[in-house]
Amino acid sequence: MLRLRSRGLRQRHTYAGLDRPIYFNFSGQPVRDALSRVMGMLLFAYNVSTHVRTRQLAEADDRPPATAHQLAIANEELSVSYEELDASNHLAATNQELATANERLRTSNISIQQQARELHKSHLAVRKLNQQLEARVAERTGQLQVALHDIERANTALLLSNQQLTRTNQDLYSFVYASSHNLKQPVNNLAGLIDELRRSVTFADPAEEQLLLPLIPDALRQLSTNIDDLAALGQAQQVALLPPEPVDLQALVLDVLQTLEPQVRATRARITTDFSGRPILFYPRASLRTILLNLLSNAFNYTDPARPSRVHCSLWLENGQPVLWVKDNDLGV
């Protein structure tokens with residue numbers, strides 16, 4: 001502790017009705033911050049008039065010695081001065097601690113303010129990055145929406161094209177099926193007429209007869225085969241297009257036999273059926289009719305001319321699946 005003291009300072013003052021000088025002792029103490037730098041100075045003044053006067057009385061040779069009462073008063077004043085000095089020293093230490101605490105608090109506040117500024121800068125940087133990110137997201141979203149719109153338009157155009165193509169294919173398959181079905185009966189009728197001509201027409205040249213007549217059935221057979229293949233193609237395509245429906249097999253066979261009536265008469269055919277295993281079949285009716293028409297037509301076309309045609313249509317279940325069977329007594333393949 002640095003203490004500065006000035007002695008002999010006095011001031012004229014009236015004390016207890018007496019006009020006499022007053023003596024003070026001054027004590028100074030520097031005030032430092034947390035880095036030990038001097039921030040200010042604390043000065044303390046102590047009244048030592050009684051002590052000075054007592055000493056003056058004791059040192060004066062030409063004066064009578066101080067009385068015991070005067071010495072007691074001086075000692076009491078000196079004791080009070082010492083107590084005041086101790087209190088001042090304690091106050092000075094407390095002030096020093098407060099100054100140190102204040103300096104630490106000031107340093108902490110400066111650090112907090114600096115951190116707050118850094119945090120504010122970081123907040124501004126994050127907000128700027130968020131704004132840039134939002135702008136990019138908005139841009140990408142707009143591009144994605146445009147791309148999705150283009151894809152939707154392309155898909156719509158493709159769907160319309162597919163629908164148009166499906167309708168065109170369906171019309172084509174329907175035309176193929178109808179054309180093949182319509183051509184089968186004229187071919188069969190033509191075959192019957194040629195058989196009649198063979199029995200009733202006589203060629204002038206027997207060699208020509210032997211050359212031409214075998215060619216006619218072969219040509220008709222090839223034509224019938226091509227029509228059957230065309231009908232099979234149309235029927236196979238229609239299976240995927242036509243919806244399944246409940247079909248009465250007995251009624252369907254009667255419908256097909258009405259179409260093949262000329263062949264039935266020409267071959268003296270007798271047709272029997274047995275659909276007790278499943279009288280109603282869930283299948284596209286047009287496709288199933290084409291199948292029966294082809295099977296029965298083949299049975300009549302390749303029958304043995306030496307005997308009447310016998311055809312039996314039946315259906316049974318094999319492992320839970322329906323099996324359609326057409327049996328005849330033709331010449332065989």
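Scope of the values below: all heavy atoms of this structure, side chains included, with no hydrogens, waters or symmetry mates.
Asn329 places a side-chain N or O within donor-acceptor distance of the main-chain N or O of Pro308, the cut-off being under 3.5 Å. Panel note: side chain Ser111, backbone Thr107; no donor-acceptor pair is recorded below 3.5 Å. Distance alone, capped at 3.5 Å, is enough to place a donor-acceptor pair between the Thr290 side chain and the Ala286 backbone.
You'll find the side chain of Ile291 reaches within 4.5 Å of the side chain of Leu295, heavy atoms only. The shortest distance between side-chain heavy atoms of Gln114 and Arg117 falls below 4.5 Å. In this structure, the side chains of Tyr302 and Asp328 stay at 4.5 Å or more apart for every pair of heavy atoms.
Minimum interatomic distance between Val256 and Arg289 (heavy atoms only, all atoms of both residues): CG2-CG, 3.9 Å. Of all non-hydrogen atoms in Ser309 and Ala299, the two that sit nearest each other are OG-O, 4.3 Å. Of all non-hydrogen atoms in Leu324 and Phe275, the two that sit nearest each other are CD1-CE2, 4.2 Å. Closest approach of Ile280 to Pro246, counting heavy atoms only: CG2-CB, 3.8 Å. The minimum heavy-atom distance between Arg307 and Arg268, with the atom names listed, is C-NH2, 3.9 Å. The two residues Ser297 and Leu260 make their nearest non-hydrogen contact at N-CD1, 3.8 Å.
Note that CD1 of Ile110 and CG of Leu105 are 10.0 Å apart. Values are rounded to the nearest 0.5 Å. With values rounded to the nearest 0.5 angstrom, Leu292 atom CG is found 5.0 Å from Leu288 atom CG. With values rounded to the nearest 0.5 angstrom, Thr273 atom OG1 is found 11.0 Å from Leu315 atom CG. To the nearest 0.5 Å, the span separating CG on Leu124 from CG on Leu129 amounts to 11.0 Å. Remark: Leu257 CG to Cys313 SG distance equals 7.0 Å, nearest 0.5 Å. Note: Asn301 CG to Leu296 CG = 10.5 Å, rounded to the nearest 0.5 Å.
Under the side chain to side chain donor-acceptor pair (under 3.5 Å) criterion, Asn298 pairs with no residue, sequence neighbours left out.
Sorted by first and then second residue, the ring pair (Phe, Tyr, Trp, His ring centres under 6.0 Å) pairs involving residues 307-329 (not counting sequence neighbours) are Trp316-Trp325. Under the side chain to side chain donor-acceptor pair (under 3.5 Å) criterion, no residue pair touches residues 128-139, with sequence neighbours excluded.
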Q: May I have the step-by-step check of side chain to side chain contact (heavy atoms under 4.5 Å, CB included) for Asn155 and Ile151, ending in yes or no?
A: CA-CA 6 Å; Asn155 288 336; Ile151 292 174; 3.3 Å; yes

Q: Could you go through the side chain to side chain contact (heavy atoms under 4.5 Å, CB included) check for Ile271 and Phe300 one step at a time?
A: CA-CA 11 Å; Ile271 299 94; Phe300 297 145; 4.0 Å; yes

Q: Show the numbers, then the answer: is there a side chain to side chain contact (heavy atoms under 4.5 Å, CB included) between Lys121 and Glu118?
A: CA-CA 5 Å; Lys121 292 180 180 179; Glu118 295 295 333; 4.3 Å; yes

